[in-house]
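Please read all numbers here as calculations on a predicted model, not as lab measurements. Quick note on labels: first sequence line is chain A, next is B, and so on, each numbered from 1.
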Amino acid sequence: MAIKGAIVIDTERCKGCSVCVGACPNQVIALSKNVNGKGYNYAEATKDDCIGCASCAMVCPDGVITVYKAKL
Amino acid sequence: MFNPDIIKPENLVYKRTNVLTDAVMHYCPGCGHGTIHRIIAEVIEEMGIQDKAICIAPVGCSVLAYNYFNVDSLGAAHGRAPAIASAIQRLHPNHHTFTYQGDGDLAAIGTGETIHACNRGENIVIIFVNNGIYGMTGGQMAPTTLLGMKTATTPYGRCVELNGYPLQITELLADLPGTYYVTRQSVQTPAAVRKAKKAIRQAFENQKNHKGTSFVEILSNCNSGWKKTPVEANKWMEENMMAKYVPGDIKVDGVKVR
Amino acid sequence: MAKELKLMKGNEAIAEAAIRSGCDGYFGYPITPQSEVMEHLMLEKPWEKTGMVVLQAESEIASINMVYGGAGTGKKVMTSSSSPGISLMQEGLTYLAGAELPCLVVNVVRGGPGLGTIQPSQADYFQATKGGGHGDYQMYVLAPASVQEMYDFVFDAWDIAFKYRTPVMILSDGAIGQVMEKLYVGDYVPRWTDEQIAEKAPWAAFGKPAYRDHNIITSLELDSAKQEAHNHHLQAKYRQMEREDVRFEALDTEDADYLLVAYGSSARIAQKAMQLGKEKGYKIGLLRPITLFPFPTKQIAELASKVKGILSVEMSAGQMVMDVKLAAENKCKVEHFGRYGGIIPTPHEVLEALENQIIKG
């Protein structure tokens, strides 16, 4: 059994500040090459190593990250 | 990307609190104000006091804070929030009146209101966001601007001869008998955010128990004003701001601990 | 209502009226000649009688902002001060007007400018009636001429303040504030309950119930179109005050040849001058504005077309006279007589001025 996490980012509200990128212990998050409606390179998950620690959500100034965690 | 079995309501560990409204905050990307708003709102939700919380918003970058906190709110004149909160809390002794103020608002134009509200031991929570600069008006010197720091009104760096010294108002307030809890926190890392949230919770719990003034300073970046990226600004804050404004508790349960 | 006869200073009457009218909070700062307001409150301990909060603030700036806070939560709150202190409150007053908050501010006027003198004056008329702080706004201004009116107008002030969501000022002076007179006081009016506040002030920020969105009290609107609309709304309120809530007292104006216009202390002096003039055979009337804003413009306009001349009597260098002239629209001669800097005119001086400037002039 492993603990697996997942994040859902509200990319339209993300301002691409990238504070979450450095907060992630597993380097899951990066800024996208694409931009949202406001022109920001939004944050996105780049790999499936999320452990659901919510560190990214903790530091997100705009509260755009929702975090899930499950034992699989 | 993720296993769809994980993204289910029963596996939820973190979501945006509904004590924040749906409005998109006007703050610059990476600004600490958003994080601080969020953890205050989370504390209000967790304590179940949304119907008793009254926010006093300042003048400065967070002038529109009342649009984001989903609680009844008043916008104050510059610096006057502690006087406004004093009256409201006395008129509604079982409510949770809190002020949200920046360094210019609280430590320059509102110094008198701040000191006297704290000295009367008003049963209010004061959240003091210190980023060492006037953000809203375009990056001018604040009372907390560090020596040598360049701002729009200290273009060659703050110097004592011209500008006097950075004001450590939080230490000053800890000396007043009316303050029950005085602490300095920050929000640049997940661990710091969790600690800051705990401090805010402590402040509101003190208020619930009618203990007097709880004062929570939170160091925050002003990456636009400091002319840095958000990540660089947080690093600069740790290396420079924290040398002058040392994080940690200063007064707990009415007793100075440093 | 049971009436009780008392002997009180005008300032004490304000305080007594506050307690008896269901006021929730008083926030003030000492200044001569109005300090008896807070002194009387502290002596009476209304927090034990009615639950009213009384707090001595660190400054007039803090006082008026405490009023802003209390008013923003739908409470009946007030402050009092005298001229230099009222100047410090102008910031708060413009915010109160902008945010449309009901409250009561009492100005027991002393002579100025600057620190001036502690003697009575009416030189704050412009400040009280033309806004005072920045921006387009006005306050409802009541001018008492007796200790009884000091008392009664506190009750009236709450009605107006909540009818219009506006700051109300009682513009008194050092003479009315300090003089002792008999007055009748009535029963205690209970303070509003939380339920009454929710019903009468649904806009107030008293804590968000589940049934509504959060209430926001602010004077800020960055969208100019919305700010202009807000200003239109404020102006509409002021026009409504002019239509519905002008107050004045007319004495012997029906067949008068000459009209004295005076408010507050000056009106009492003018009334005596009027009697002295009648002994000399002059037909003199007195129009006493009780509200200085809204001003009894219509009544003065009507009288201006009937009389030979009007003398505006004020303890100032000539402030209300400008409103009198605007009202009279050159239909008759309008002159000003005033003593100021803390000097109270005598009835003989007023009559002499009427003779020299109007009757013979």
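Using a 4.5 Å cut-off between heavy atoms, B/A76 touches chain C through its backbone atoms (N, CA, C, O) alone. Heavy atoms closer than 4.5 Å to chain B are found in both the backbone and the side chain of C/Y68. Contacts between C/A71 and chain B at a heavy-atom distance below 4.5 Å are absent for every atom of the residue.
Residues satisfying the salt bridge (charged side-chain N to carboxylate O under 4.0 Å, His left out) test with B/R16, not counting sequence neighbours, are none.
Between chain C and the options B/I54, B/N70, B/T97, the largest number of non-hydrogen pairs under 4.5 Å is found for B/N70. Ranked by heavy-atom pairs under 4.5 Å with chain C, the list B/A117, B/S73, B/A87 is led by B/S73. With chain B as the partner, the residue from C/V53, C/I61, C/T94, C/I216 showing the most heavy-atom pairs under 4.5 Å is C/I216. Chosen from B/I88, B/L64, B/V59, B/I84, the residue pairing most often with chain C at heavy-atom distances under 4.5 Å is B/I84. Heavy-atom pairs under 4.5 Å with chain C peak, among B/A81, B/P82, B/G75, at B/G75. Counting heavy-atom pairs closer than 4.5 Å to chain B, the top residue among C/D24, C/L222, C/N215, C/T218 is C/N215.
Note: B/F215 and B/Y181 fail the aromatic proximity criterion, with ring centroids not under 6.0 Å apart.
Listed by sequence position, B/Q50, B/D51 are the residues of residues 26-51 of chain B in contact with chain C, using a 4.5 angstrom heavy-atom cutoff.
Judged purely by distance below 3.5 Å, without hydrogens or angles, the side chains of B/N221 and B/N131 never pair a donor atom with an acceptor atom.
Taking each heavy atom of C/Y26 and C/S80 in turn, the nearest pair found is OH-OG, 2.6 Å. Residues B/L176 and B/I115 share a closest heavy-atom pair of CD1-O, 3.7 Å. The shortest heavy-atom contact between C/V108 and C/S82 is O-OG, 2.6 Å.
Ion pairing of C/K208 with C/D213 is absent here, as no side-chain N (NZ or NE/NH1/NH2) approaches a carboxylate O to less than 4.0 Å. Ion pair B/E205/B/K211 not flagged as a salt bridge, since none of the NZ, NE, NH1 or NH2 atoms sits closer than 4.0 Å to an Asp/Glu carboxylate oxygen. Salt-bridge formation is not detected for the pair C/D136/C/K130: no Lys NZ or Arg NE/NH1/NH2 atom is positioned less than 4.0 Å from an Asp or Glu carboxylate oxygen.
Figure legend: cation-pi geometry between C/K75 and C/W192 absent, as NZ or CZ is not positioned both under 6.0 Å from the six-membered ring centre and within 45° of its axis.
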